[in-house]
Amino acid sequence: MNIHFWGVRGSVPTPLSPQQIQSKIMAAIQRAKPEDLVDAETRAKFVSSLPSWIFGTAGGNTACVEIVNNNTHFILDGGTGLRPLGKARKCPDKYHVFFSHFHWDHIQGFPFFDHAYNPNCQFEVYSHYDDAEKYFRNQVKEPYSPPSVGKTLVPNIRFNRIYEDETLEIDGIKINSQKMRHPGDSYSFSFENEGKKFVYATDVELKTVDYQNTNAGESVFRNADVIVIDSQYTVEEVYRKENWGHSSFCYAIDFAVYWNIKKVYLFHHEPAYDDKKLNSILEAARWYAQYINHSDVEIYLAKESQEIVL
């Protein structure tokens, strides 16, 4: 399985501001020494040595993750990251689209997805909601979208109602799901193939009861190789925003440890956090894993254009 991040932000799209770009430039200049600027080679070496929060960015698009396994293509949520996916990829014969839920930041990219207007491209949509098709199509109705959008959106879309207690199998990949704690509900999905398991667990407010003597979610989470998990808030913020439906990095790590998950990708980043803040959260998360004597858990920050191979 090849897993590609196209959108990693939560709540609203978050483009880099002019002030943030200026801060990155200033931070880079302050690190430069005369010997770093002698010629093109030394400048390139200097730039490549900069911390990732200066040299790059986590990205500003809302949730969208792609899985490709041989000729089978999955899309997990349709936030604004779906737009660059459509620009970068050729349209396969079929997409299998899984929606964790239908909050706007998880569906708002579909009207801007080029392949959604290609009559040769088919879509199988999977969700746990009886009215999924109504929710999906309402966003492209007037006055929310131009009249042409609803009329030209590809007709080859089929909506499939799925349930927690069933295991789907698509081209040899086993898929299980689990309802999570989130206003209006949200669902996590596991994708398992040839002994490898990937879990997508966005929009979840974790609590200690989720990783203390519970078997709920056993088939989804246990022994996963990788989990992409909501960690939108800091520890201080998660207490102030109780019942908002999101987690802090320390709860995400405790959750991964309980289920014996090897790699954690922090996801659904707070729109108010810039790249420097996100980097500090990553460092704190890695320190926390050491503190609880689980340095074997690998922790990463989900970033646009990043790819995981399982």
Per the salt bridge (charged side-chain N to carboxylate O under 4.0 Å, His left out) rule, what does the pair list look like for residues 88-111, sequence neighbours excluded?
Glu66-Arg89
Close aromatic pair by centroid cut-off 6.0 Å: Phe74 and Tyr200:
no
From the options Phe99, Phe98, Phe110, Phe159, select the one residue that forms a ring-ring contact (aromatic ring centres under 6.0 Å, His included) with Phe123.
Phe110
Criterion side-chain contact (heavy atoms from CB on, under 4.5 Å) on Lys196 and Phe191, from CA distance to verdict
CA-CA 8 Å; Lys196 299 292 185 179; Phe191 298 82; over 6 Å; no
Same cluster for [X] and [Y] if Ile/Leu/Val/Met/Phe/Trp/Tyr side chains link at under 4.5 Å?
{"X": "Ile25", "Y": "Ile54", "result": "no"}
{"X": "Val264", "Y": "Val235", "result": "yes"}
{"X": "Val68", "Y": "Ile175", "result": "no"}
{"X": "Trp104", "Y": "Leu76", "result": "yes"}
{"X": "Val8", "Y": "Phe112", "result": "no"}

With [X] via side-chain contact (heavy atoms from CB on, under 4.5 Å) - residues at least two apart:
{"X": "Asp39", "value": "Glu41, Thr42"}
{"X": "Asn2", "value": "Glu307, Val309"}
{"X": "Tyr117", "value": "Pro111, Val149, Thr152, Leu153"}
{"X": "Ser188", "value": "Met180, Ala201, Phe221"}

Pairwise distance [atom1]([X]) to [atom2]([Y]) - rounded to 0.5 angstrom:
{"X": "Asn223", "Y": "Asn260", "atom1": "CG", "atom2": "CG", "value": "4.5 Å"}
{"X": "Arg43", "Y": "Ser48", "atom1": "CZ", "atom2": "OG", "value": "13.5 Å"}
{"X": "Lys179", "Y": "Asp185", "atom1": "NZ", "atom2": "CG", "value": "4.5 Å"}
{"X": "Ile29", "Y": "Asp36", "atom1": "CD1", "atom2": "CG", "value": "12.5 Å"}
{"X": "Leu85", "Y": "Thr80", "atom1": "CG", "atom2": "OG1", "value": "12.0 Å"}

Please tell me if the side chains of [X] and [Y] come closer than 4.5 Å, counting only heavy atoms from C-beta onward.
{"X": "Val209", "Y": "Arg181", "result": "yes"}
{"X": "Thr14", "Y": "Tyr273", "result": "no"}
{"X": "Ile281", "Y": "His269", "result": "no"}
{"X": "Asp275", "Y": "Gln20", "result": "no"}
{"X": "Val199", "Y": "Trp259", "result": "no"}

Does [X] have any salt bridge (charged side-chain N to carboxylate O under 4.0 Å, His left out) partners at least two apart in sequence or in another chain, and if so, which?
{"X": "Glu124", "answer": "Arg158"}
{"X": "Glu304", "answer": "none"}
{"X": "Arg31", "answer": "none"}

Quick one: does any side-chain atom of [X] pair with a main-chain N or O of [Y] as donor and acceptor, under 3.5 Å?
{"X": "Asn193", "Y": "Gly172", "answer": "yes"}
{"X": "Arg9", "Y": "Glu270", "answer": "yes"}
{"X": "Ser100", "Y": "Ser186", "answer": "no"}
{"X": "Arg83", "Y": "Gly109", "answer": "no"}
{"X": "Asn160", "Y": "Val125", "answer": "yes"}
{"X": "Asn118", "Y": "Asn120", "answer": "yes"}
{"X": "Asp274", "Y": "Lys276", "answer": "yes"}
{"X": "His73", "Y": "Cys91", "answer": "no"}

Is a side-chain donor-acceptor pair under 3.5 Å present for Lys141 with Asn138?
yes
Distance-minimising heavy-atom pair for [X] and [Y]:
{"X": "Pro119", "Y": "Asn156", "answer": "O-ND2, 2.7 Å"}
{"X": "Pro13", "Y": "Gln108", "answer": "CD-OE1, 3.9 Å"}
{"X": "Ser11", "Y": "Thr62", "answer": "C-CG2, 4.4 Å"}

Throw together a table of side-chain donor-acceptor distances under 3.5 angstrom for residues 224-231, partners on residues two or more places apart or in other chains.
unit_1, atom_1, unit_2, atom_2, d
Asp225, OD2, Lys197, N, 2.8
Asp230, OD1, Gln232, N, 3.1
Asp230, OD1, Ser247, N, 3.4
Asp230, OD2, Asp203, N, 3.1
Asp230, OD2, Val204, N, 3.2
Asp230, OD2, His246, ND1, 2.6
Ser231, OG, Phe267, N, 3.4

Once the angle between the rings of His103 and His182 is folded into 0 to 90°, is it parallel (under 30°), tilted (30 to 60°) or perpendicular (over 60°)?
tilted
Give the intermediate values and the outcome of side-chain contact (heavy atoms from CB on, under 4.5 Å) for residues Leu278 and Trp53.
CA-CA 8 Å; Leu278 292 178; Trp53 66 267; over 6 Å; no
Ile261 and Val297: CA distance, side-chain angles, deciding distance, side-chain contact (heavy atoms from CB on, under 4.5 Å) verdict
CA-CA 7 Å; Ile261 297 172; Val297 178; over 6 Å; no
Under the side-chain hydrogen bond (donor to acceptor under 3.5 Å, both in side chains) rule, collect the residues that match up with Tyr258, sequence neighbours excluded.
none
Which residue pairs pass the ring-ring contact (aromatic ring centres under 6.0 Å, His included) test when at least one of the two sits in residues 291-310, sequence neighbours left out?
Tyr265-Tyr300, Trp287-Tyr291
Just do the side-chain contact (heavy atoms from CB on, under 4.5 Å) check on Trp6 and Ile75 with the steps written out, would you?
CA-CA 10 Å; Trp6 294 99; Ile75 294 172; over 6 Å; no
Tell me which donor-acceptor pairs under 3.5 Å the side chains of residues 238-245 have, and how far apart each pair is, sequence neighbours excluded?
unit_1, atom_1, unit_2, atom_2, d
Tyr239, OH, Tyr251, OH, 3.2
Arg240, NE, Glu236, OE2, 2.6
Lys241, NZ, Glu237, OE2, 2.8

Over 12 non-hydrogen atoms of neighbours within 6.0 angstrom of NZ in Lys262
yes
Counting only heavy atoms not in Asn71 (residues, nucleotides, ligands), do more than 12 fall under 6.0 Å from its CG?
no
Going by side chain to side chain donor-acceptor pair (under 3.5 Å), Ser177 matches just one of Glu164, His128, Glu166. Which one?
His128
